[in-house]
Each structure stands twice: as structure tokens, then as C-alpha cells.
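The first residue in the sequence is number 1, and the count goes up from there. Everything numeric here is computed off the predicted structure, so don't read it as measured data.
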Amino acid sequence: MAREECKALLDGLNKTTACYHHLVLTVGGSADSQNLRQELQKTRQKAQELAVSTCSRLTAVLRDRGLAADERAEFERLWVAFSGCLDLLEADMRRALELGAAFPLHAPRRPLVRTGVAGASSGVAARALSTRSLRLEAEGDFDVADLRELEREVLQVGEMIDNMEMKVNVPRWTVQARQAAGAELLSTVSAGPSSVVSVEERGGGCDPRKALAAILFGAVLLAAVALAVCVAKLS
């Protein structure tokens with residue numbers, strides 16, 4: 001039961017971390033918005049909750065001296081996968097912190113054009129601008145507070161990684177994989193010959209027409225360069 005529980009927690013953490021990674025890639029782009037920042041906040045908090053649960057569960061099991069050898073080997077593989085996932089989460093959180101600081105959602109801007117409008121309509125415009133400024137100010141407060149919270153969470157994840165290494169000593173190079181390296185690629189290749197394109201089929205033979213066209217293009221290019229040099233000297 002403990003192994004199945006740890007696998008389920010680790011699977012949820014992997015999916016959440018992958019989702020967070022894809023969200024971080026859009027920060028600062030055309031799809032960036034406050035909704036994206038809020039989704040980033042929820043996703044990373046969910047990932048941290050799963051990380052804490054997985055860490056405590058795996059730590060309790062691996063510190064049990066009465067654990068069988070085969071069971072310990074299986075939990076050590078889960079531990080290595082978990083530590084790698086946590087490293088990726090920390091790297092993405094640091095990247096999100098740098099991008100969020102470099103691309104604030106609502107940077108202060110000054111009006112470049114003054115229309116000179118005066119009269120009764122100026123009061124309506126002033127009220128509209130004040131309402132908009134209040135909304136942007138509230139959204140800007142969320143942006144600043146989220147970056148501060150993200151900075152604290154990055155430090156917390158780093159402390160979690162350090163505590164993991166102190167509580168459970170499982171060197172990654174000592175853990176043996178359950179399948180050979182590249183087994184996924186081999187399974188893909190063995191799925192059928194239609195999914196594999198040989199080098200001969202992709203490369204094909206040398207087409208005389210294409211070779212002649214390439215030679216003619218090169219000759220025209222050289223003639224154009226020589227003509228340009230002559231014109232430059234004469235001028």
C-alpha cells in the first residue's frame with residue numbers, strides 16, 4: 001500500500017510540475033496576463049503540497065531498517081525520480097521569478113500625447129481614468145505580492161532538497177534502472193515499419209535537374225558580385 005501511495009503521489013507531482021513548466025514558458029509573451037500569473041501561483045502551490053506529502057512518505061519508508069532489499073530498491077528508484085522532479089520544479093520557479101521581475105504586468109506609463117480637452121467632458125474622462133488606475137493598481141499589487149511569495153517559496157524548496165539529502169542518503173548513481181537505456185525508443189521503433197524512415201528513403205538519389213539549377217544559381221551569384229565590385233571601383 002505504501003508503494004502504491006508513493007507512486008500515486010509522485011505521478012501527481014510529475015504532472016503538476018510538467019504543467020507548471022509549460023506555463024512558465026509563456027511568461028513575458030503575448031499570452032501573458034494576470035490569469036496566467038494566478039494559474040502559475042495555484043499550480044506551483046499544488047506542486048509544493050504534493051512534494052511535501054511525497055517527501056514525508058518516502059522518508060518514513062526509507063528510514064525503516066526492517067525494509068526488505070527488493071522493496072528498498074524500489075523505493076530508492078522512486079526517491080531518485082522524486083528528487084529529480086523537485087530539482088526541475090525549483091529551476092522552473094527560479095525562472096518564473098526572473099521572468100516575472102523582468103516582465104511586470106502593469107509597468108507605470110506616462111501619457112505621450114496631450115489632447116488639451118477641457119470642459120465638462122474632462123471630468124468624465126478623469127473619473128474613467130481614476131477607475132482604470134485603481135484597477136491596475138490592484139492588479140499591480142497582486143503582481144508584486146506574488147513575486148515576493150514566489151521568492152520565499154523558492155527558498156523553501158531549496159531547503160527541502162537540502163533536508164532530503166541529510167535525512168536519506170541515496171546516491172543517484174547507485175540506483176539501478178528497471179529497464180535498459182533507450183527502451184522507450186526501441187519500443188517506438190518496434191511499433192511498425194511505417195513509423196521508421198530509412199536514410200536511403202529520406203536522402204534519395206542525386207537529381208541532375210537540381211544539381212544543374214544549383215550550378216546556374218551559383219554562376220549568376222558570382223557574376224552579380226563581380227558586377228557590384230566593378231561598379232564600386234568605377235564610382
Side-chain angles (χ1 to χ4, degrees), residues 1-29 31-32 35-64 67-102 146-188:
M1 294 297 294
R3 180 167 53 182
E4 297 300 326
E5 181 182 358
C6 291
K7 286 183 178 180
L9 289 172
L10 184 58
D11 183 64
L13 179 61
N14 283 328
K15 293 179 180 179
T16 308
T17 303
C19 179
Y20 184 73
H21 175 75
H22 287 288
L23 291 175
V24 171
L25 295 179
T26 58
V27 176
D32 196 0
N35 293 332
L36 174 66
R37 303 296 177 92
Q38 292 175 347
E39 190 66 25
L40 277 167
Q41 184 185 53
K42 295 177 182 178
T43 306
R44 75 166 186 265
Q45 290 176 353
K46 180 63 176 179
Q48 291 177 83
E49 293 175 359
L50 290 171
V52 171
S53 300
T54 307
C55 182
S56 59
R57 196 72 182 95
L58 285 174
T59 301
V61 174
L62 287 173
R63 298 185 71 177
D64 183 10
L67 192 64
D70 55 344
E71 290 288 330
R72 179 172 295 277
E74 180 65 23
F75 279 107
E76 285 181 352
R77 280 189 287 266
L78 295 177
W79 179 267
V80 171
F82 168 66
S83 60
C85 184
L86 205 58
D87 290 339
L88 294 176
L89 177 61
E90 183 191 18
D92 286 332
M93 291 174 65
R94 292 184 180 276
R95 186 179 295 109
L97 181 61
E98 295 176 358
L99 292 175
D146 182 60
L147 288 177
R148 292 176 180 173
E149 184 179 359
L150 176 57
E151 188 175 2
R152 291 193 298 267
E153 292 175 358
V154 168
L155 296 177
Q156 293 175 358
V157 173
E159 292 177 357
M160 183 186 301
I161 295 175
D162 294 338
N163 293 331
M164 285 170 49
E165 295 178 354
M166 293 178 62
K167 293 180 180 179
V168 179
N169 185 17
V170 181
R172 300 186 182 185
W173 58 87
T174 62
V175 178
Q176 297 181 357
R178 298 179 59 182
Q179 57 186 5
E184 296 84 358
L185 298 177
L186 294 176
S187 62
T188 304

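For K46, there are no salt bridge (charged side-chain N to carboxylate O under 4.0 Å, His left out) partners, not counting sequence neighbours. For N35, the side chain to side chain contact (heavy atoms under 4.5 Å, CB included) partners at least two apart in sequence or on another chain are S33, Q38. Scanning for salt bridge (charged side-chain N to carboxylate O under 4.0 Å, His left out) contacts around R57 gives E5, with sequence neighbours left out. Not a single side chain to side chain donor-acceptor pair (under 3.5 Å) links N163 to another residue, sequence neighbours left out. Legend: residues meeting side chain to side chain donor-acceptor pair (under 3.5 Å) with E90, ordered by chain and number and at least two apart, are R94. Listed by chain and residue number, nothing satisfies the salt bridge (charged side-chain N to carboxylate O under 4.0 Å, His left out) test with D64 (two or more places apart in sequence, or in another chain). Under the side chain to side chain donor-acceptor pair (under 3.5 Å) criterion, K42 pairs with no residue at all, not counting sequence neighbours. By the salt bridge (charged side-chain N to carboxylate O under 4.0 Å, His left out) test, R3 pairs with E71, sequence neighbours left out. Take Q41 and apply the side chain to side chain donor-acceptor pair (under 3.5 Å) test, not counting sequence neighbours, and it matches D146, E149. Contacts of C85 classified as side chain to side chain contact (heavy atoms under 4.5 Å, CB included), with partners at least two apart in sequence or in another chain: L13, N14, T17. Residues satisfying the side chain to side chain contact (heavy atoms under 4.5 Å, CB included) test with T59, not counting sequence neighbours, are C55, R63, W79, K167, V168.
A salt bridge links K15 to D11: one of the charged nitrogens lies within less than 4.0 Å of a carboxylate oxygen.
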Kindly list each side-chain donor-acceptor pair under 3.5 angstrom involving residues 19-29, sequence neighbours excluded, with atom names and distances?
residue	atom	partner	partner atom	Å
H21	ND1	D92	OD1	3.1
H21	ND1	D92	OD2	3.2
T26	OG1	L23	O	2.6

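With R44 as the partner, the side chain to side chain donor-acceptor pair (under 3.5 Å) test is satisfied by one option alone out of E39, E49, E153: E153.
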